[in-house]
Structure formats: C-alpha cells, structure tokens
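Because the structure is a prediction, the values reported are computed rather than measured. Numbering of ligands and ligand atoms starts at 1, following listing order. Along the sequence shown, residues are numbered consecutively beginning with 1.
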Amino acid sequence: MKTNRVVVIGGSAAGPKAASRARRLDENADITIIQKSPDLSMASCGYPYYIGGFFDDRSQLLCSPAGVVRDTNFFWKAKRIVTKVNSEVTSINRADKKVSFRNLLTGEAGELEYDKLIIATGATPRKPLLPGIDLDGVTTLQSMQDADFLRKVRD
Ligand SMILES: Cc1cc2nc3c(=O)[nH]c(=O)nc-3n(C[C@H](O)[C@H](O)[C@H](O)COP(=O)(O)OP(=O)(O)OC[C@H]3O[C@@H](n4cnc5c(N)ncnc54)[C@H](O)[C@@H]3O)c2cc1C
C-alpha cells in the first residue's frame with residue numbers, strides 16, 4: 001500500500017495540531033512540518049506573562065503539560081513526525097504536488113512531495129500607519145523572537 005505523504009507548512013499552534021491529527025488518522029503516514037522559526041508549538045498566549053516577568057523560564061512556553069519541550073526530538077520520538085525548523089517554504093507546485101523550502105540558517109534548499117498539504121502559516125500583524133512605526137524598537141508581539149526582544153527591553 002502506498003504511504004500517504006503529509007506536509008504541513010507552519011509549526012506554531014495549528015500546524016502541529018493538524019500534524020498530530022494526521023498521525024492519529026494514519027499511523028503509517030510520512031508527516032513533515034516545515035517551520036520558518038526556530039521553535040515549535042509555541043504557547044503564544046503565554047508571551048505577555050513571560051514578558052511581564054510572571055515566570056522566567058522561556059522553555060515553559062514550549063512545554064507539553066508533562067513538562068517536555070516540544071522540539072524536533074519530541075515530535076519524532078512521541079509522534080514520528082519530522083520537523084524542519086528554521087526552514088521557509090518558498091513555493092508550492094500544485095501541479096506536481098511539491099513544496100520547495102530553504103533553510104534560513106544554512107541557505108540549503110530542498111523539495112518535498114506531498115499527497116496532502118496543510119497550510120498553517122497564521123497571519124501577519126497589521127501595523128497602523130503612524131509616524132515612526134518602522135523605527136527600531138517598535139515591534140508587534142506575534143513570535144517567540146518578539147517575546148524575547150520585549151523581555152530584554154523590560155529587563
Ligand atoms: C500575544 C498573544 C496572545 C494570545 N492569547 C490568546 C488567548 O489568550 N487565547 C486564544 O485563544 N488565543 C490567543 N492567541 C492567539 C493564538 O495563539 C493564535 O490563534 C495562534 O498563534 C495562531 O496559530 P497559528 O498556528 O494559526 O498561526 P501562528 O501562530 O501565526 O503560526 C504560524 C507559523 O507559520 C510559520 N510560517 C509562516 N510562513 C511560513 C512559511 N512560508 N514556511 C514555513 N513556516 C511558515 C511562522 O513562522 C509561524 O510560526 C494569542 C496570540 C498572541 C500572539
């Protein structure tokens with residue numbers, strides 16, 4: 001029987017949920033999450049509390065309820081899901097069912113074929129057109145990197 005290949009773009013909240021569901025539906029599927037940022041399964045709702053100093057351990061934003069950090073190792077060992085972090089999908093070829101991606105740290109490019117493609121890339125915050133909005137230090141709060149920056153400013 002042909003193995004079902006599932007590719008998920010985006011590894012924050014929706015992507016890993018969808019990938020985990022795909023695993024529950026098909027224990028033999030090849031499932032890969034391609035995530036632009038370095039972290040996976042981030043608890044965005046906790047960012048304000050981390051920035052505000054309610055807790056100091058950044059990894060709590062990435063932990064399962066059992067206290068295990070949901071990283072590449074976790075996804076493979078617990079769910080047999082391959083994760084490619086720091087990797088941006090640069091194009092989708094729907095005719096040939098392929099995605100192209102690039103590792104943002106090494107510049108290495110790759111391609112993956114899929115049978116099912118899940119796009120979970122979230123949204124981009126809208127910045128109001130105010131004078132100075134593009135100055136250094138003006139940021140939105142969407143990613144772990146934004147949270148890290150604001151936490152540093154606060155400290
Ligand atoms: C500060 C804050 C507080 C929140 N509080 C709450 C709350 O209290 N209750 C609640 O219900 N919700 C809350 N939310 C919202 C909730 O976290 C969002 O619903 C959730 O983050 C959306 O998840 P997502 O996976 O759809 O998108 P995102 O979290 O935006 O993730 C999308 C991911 O896709 C990746 N990506 C984008 N483009 C590409 C590409 N081309 N290739 C590879 N990867 C890509 C990005 O790196 C990103 O990590 C909060 C969000 C924030 C930011």
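- Between Ser143 and the options Thr140, Thr139, Asp146, a side-chain hydrogen bond (donor to acceptor under 3.5 Å, both in side chains) holds for only Asp146.
- Nearest protein neighbour of atom 24 (P) of ligand 1, counting heavy atoms only, is Ala14 N, 3.9 Å.
- At a threshold of 4.5 Å between non-hydrogen side-chain atoms, the residues Leu112 and Arg5 do not count as touching.
- Atoms CD and OG, from Gln142 and Ser37 in turn, are 9.5 Å apart once rounded to the nearest 0.5 Å.
- Not a single protein heavy atom sits closer than 4.0 Å to atom 16 (C) of ligand 1.
- Counting non-hydrogen atoms of neighbouring residues, nucleotides and ligands closer than 6.0 angstrom, the NZ atom of Lys77 reaches no more than 12 such neighbours.
- Every atom of ligand 1 is numbered from 1 in the order shown, and the set under 4.0 Å from a heavy atom of Leu141 is 1 (C), 53 (C).
- When distances from atom 11 (O) of ligand 1 to the protein are checked, no heavy atom turns up under 4.0 Å.
- At a 4.0 Å heavy-atom cut-off, ligand 1 touches Ile9 through the side chain alone.
- Put simply, atom 19 (O) of ligand 1 has no protein non-hydrogen atoms near it, under 4.0 Å away.
- When only modelled atom types and interatomic distance are considered, Thr90 and Ser100 share no side-chain donor-acceptor pair under 3.5 Å.
- Considering both main-chain and side-chain atoms, Ser12 comes within under 3.5 Å of ligand 1 through a nitrogen or oxygen pair.
- Checking only distances, Glu88 never comes within under 3.5 Å of ligand 1, N or O to N or O.
- In this structure, Pro38 and Gln145 have side chains that are in contact, with non-hydrogen atoms separated by less than 4.5 Å.
- Contact check for Ile119 versus Ile92: side-chain heavy atoms found under the 4.5 Å cut-off.
- At the shortest separation from atom 52 (C) of ligand 1 among protein heavy atoms lies Ser44 CB, 3.6 Å.
- Protein heavy atom in closest approach to atom 23 (O) of ligand 1: Ala13 CB, 3.4 Å.
- The closest side-chain heavy-atom distance from Asp96 to Glu111 is not below 4.5 Å.
- Atom 34 (O) of ligand 1 has Gly10 CA, 3.4 Å as its closest protein atom, hydrogens excluded (heavy atom only).
- Within the structure, the closest approach of Gly46 to ligand 1 does not fall below 4.0 Å when heavy atoms are considered.
- Close approach of ligand 1 to Ala120 (heavy-atom distance below 4.0 Å) involves ligand atoms 32 (C), 33 (C), 34 (O).
- The protein non-hydrogen atom at the shortest distance from atom 45 (C) of ligand 1 is Lys36 CB, 3.6 Å.
- At under 3.5 Å, a nitrogen or oxygen of Val89, whether backbone or side chain, sits near a nitrogen or oxygen of ligand 1.
- Counting the atoms of ligand 1 from 1 in the order shown, those under 4.0 Å from a heavy atom of Ser87 are 43 (C).
- Within a 6.0 Å radius of CZ in Arg154, more than 12 heavy atoms belonging to other residues, nucleotides or ligands are found.
- Heavy atoms of other residues, nucleotides or ligands lying less than 6.0 angstrom from CZ of Arg58 number more than 12.
- Per-atom contact check: atom 2 (C) of ligand 1 touches the protein, criterion being a heavy-atom distance below 4.0 Å.
- The closest approach between Met42 and ligand 1 falls below 4.0 Å for a heavy atom of the residue.
- Considering only non-hydrogen protein atoms, atom 35 (C) of ligand 1 sits nearest to Gln35 OE1, 3.2 Å.
- Contacts with ligand 1 closer than 4.0 Å are made by no heavy atom of Ser143, backbone or side chain.
- With respect to atom 14 (N) of ligand 1, the closest heavy atom belonging to the protein is Cys45 SG, 3.8 Å.
- Using a 4.0 Å cut-off between charged nitrogen and carboxylate oxygen, Asp56 and Arg151 count as a salt-bridge pair.
- The pair Asp26-Lys116 fails the salt-bridge criterion, with no side-chain N (NZ, NE, NH1 or NH2) lying under 4.0 Å from an Asp/Glu carboxylate O.
- Between Pro48 and ligand 1, not a single N/O pair is under 3.5 Å apart.
- Closest to atom 30 (O) of ligand 1 by heavy atom, among Met144, Gln142, Arg102, is Gln142.
- For atom 27 (O) of ligand 1, the nearest non-hydrogen atom of the protein is Gly122 CA, 3.2 Å.
- Hydrophobic clustering of Ile, Leu, Val, Met, Phe, Trp and Tyr side chains at less than 4.5 Å, counting indirect connections, keeps Leu104 apart from Val89.
- Relative orientation of the Phe55 and Tyr50 rings is tilted, given thresholds of 30° and 60° on the angle between their planes.
- Atom 38 (N) of ligand 1 has its nearest heavy-atom neighbour, among Ile92, Asp39, Thr121, Ile34, in Thr121.
- Atoms of ligand 1 found under 4.0 Å from any heavy atom of Ser37 (numbered from 1 in listed order, with element): 47 (O), 49 (O).
- At least one side-chain heavy atom of Tyr47 sits less than 4.5 Å from a side-chain heavy atom of Leu61.
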